[in-house]
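Notes follow the structure.
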Amino acid sequence: MDIKLSTGAVATLMKGGEVDKPVFQILGFKKIAGQGGNDRFRLNISDGLHSHTFAMLATQLNHMIPEGELDNNCIIRAEKLISNAVSEKRVLIILDLTVLAKGNAVGVKLGNPVQYAEQNGNAAGAVNGGKPNGSDQTDTKPAVKPEFTAKPSGAFYGQGKPTSVLKTSPHKNNASFSGMNASDCVTIPIRDITPYGSKSAIKARVTNKSVVRTWSNSRGDGKLFSIDLLDDSGEVRMTGFNTAVDAFYDLIKVNEVYTFSKFSAKPANKQFTSLNHEYEISFVNDTSVIPCMDTDSDSIPTLSFQFMEIAFIESCENNKMIDVVAVCKSRGDVHAFTSKTTNKDLKKREVTLVDRTNTEIVLTLWGKQAEDFEDDTNPVIAVKGVKVSDFGGKSLSMMNSSVMMINPDIPEAHILRGWYDNEGMNVPTKSLVQQRGSGGGANAPWKMVREASTVDPSSAESGYYFRSKVTILAIKRENALYKACPEERCNKKVMDCNNGMWRCEKCNKEHPDFKWRLILHACFGDSSDSIWATCFQEHGELVLDSKSDVLGPLNEEQDAFDGIIKKAVFKSYTAKFRAKMEVYNNENRLKYTVMELNPINYGEYAQKLLAEIKENVA
DNA sequence: CCCCCCCC
């Protein structure tokens, strides 16, 4: 390979001249914080003769730096350039570039470039003119030859020979950092990681390691893994993309302590982690990972939680990732099923957790963890990074990235053990599982339908409950009835096996019969507005004044069914509704469910109106 | 740069 730097290009450009697709070596870069997170990178570029820091990376190329595409010593060809004189200073903006050689492959500074002296230039005067001075314009002159093979500088770096990285580095010996600056040896507390310190190193224990995942989307594809890192100041997630996966994935072991030097940092997206850090970090091209077997690594903690007590999960945002420590009060059976959306065969087990707030919540375990969980001794369970779901009240679900510890040796666990054995096991608990037909919204306010249908979506995240006096305006007859599993508590739709049997996916059983169930969609209105709401079984039966097992067979008989609907419309009720924000086809929409439906008690209703009038008159 | 993580 023979790459030549465009000797003299820096001087030409500084004088306002043009150079076609100059080849430079990057000697360094500096992040310049811009408004609104619009950071820019200033590059120190060299043509082998001169170096200068007048080059800016176009923001659309910013990603090349954290991605490690552009790194120190790398050689680039600037495919598109804009040269501008800005208040006596010349600025070069690189709009597009090709990396001809990665920094690690080059390993050294080429030639002996000297900082281009500003006064040599004629920046301001040459905005529109300045034909290049022929003598130093071109890239045809032989330049310094990059020493591609010169230096095994990758010895401790991701792009080098990773296997040797972890095996050969002497521990406890800073000499193992040979080739790195002294400043690289200084570790900072994880707590202090920010995107603004590129020289940082941290010494941390790996508390969790993900599987390698691949992705493919409009922006491209690749693979990645992440590890959770902990020291005595805090924790942070570190992600490795593509080459970092090849270099480090197999070598990094959970529970081991390493010094990680050089990484990039960016704000952590709290939606995907329970780790207590404002930022998350990524492997870069010259990240090094050195194991620490020294005794003082014992002082680095092995786990860290920010527990949320179960009672507080009730008001916790949906999809949030949290840590919980609780007693496993009971466990359900393993339930195998096929996901309708992904067609994947899944196994789950639900366990019920309770803590000293006397509140219980269901945690769903998946796959092998679900199968393996057979502890019936009411163990204390600590989980890190479980997802809060608002399905049927509130529940928790294990994620791939979640960590579970059974009877961990931490104070909270011992306290819970004592509490449960002496007291907790006999105390009545409140469940965050929503009871059908009630649960939540006990004090649902009276609203006109109009007020409720324009409820602030954020307050409907976990269900907004209200009461209204309403009249049924219309009923949808299609799909009002379905054939359901005959099991007592299972109302899952069954599939016709076409052999006289009916299959329930939920129970994983075939039954000789089924039961009819109702899901009635009806339009409820008052003088202000109307809404479509779902009436499940009992409410549907009340609306149609018929039992579902009678309605089922009638469903086929158009006239009889229409007659029933005709009788049902224009009846009035007092109803309790739930308005809940749901995502449907990637769109938010308010979904209404009838929670209670009662014939109007006119005496009570008149009292309510009277009270309202008095309140408004006073 | 991922961010999917499942089922009712």
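As the structure is a computational prediction, the values presented were derived from the model and not from experiment.
In this structure, A:S233 contributes its side chain and A:R191 its backbone to a donor-acceptor pair below 3.5 Å.
To the nearest 0.5 Å, atom SG of residue A:C74 and atom CD of residue A:Q25 are 8.0 Å apart.
Counting non-hydrogen atoms under 4.0 angstrom, A:S339 reaches the backbone sugars and phosphates but no base. Counting non-hydrogen atoms under 4.0 angstrom, A:E67 reaches a base of the nucleic acid. A:R213 comes within 4.0 angstrom of a base, heavy atoms only. Using a 4.0 Å heavy-atom cutoff across all strands shown, A:K492 reaches sugar-phosphate atoms only and no base atom.
Salt-bridge check for A:D549 with A:K515: failed, with every basic side-chain N at 4.0 Å or more from each acidic carboxylate O. A salt bridge links A:E596 and A:K576; the closest N-O separation between the charged side-chain nitrogens and carboxylate oxygens is under 4.0 Å.
Checking the phosphate oxygens (OP1, OP2) of B:dC6, a side-chain nitrogen or oxygen of A:S397 falls inside 4.0 Å. Contact annotation: A:T239 side-chain N/O to B:dC2 OP1/OP2 distance is not under 4.0 Å.
By the stacking rule of 5.5 Å between ring centres and under 30° between planes, A:F272 stacks on the base of B:dC3. In this structure, A:F391 counts as stacked on the base of B:dC8 under the 5.5 Å centre distance and 30° plane angle limits.
For B:dC2, the base has a donor-acceptor partner in the side chain of A:E280 [N/O atoms by modelled type, under 3.5 angstrom].
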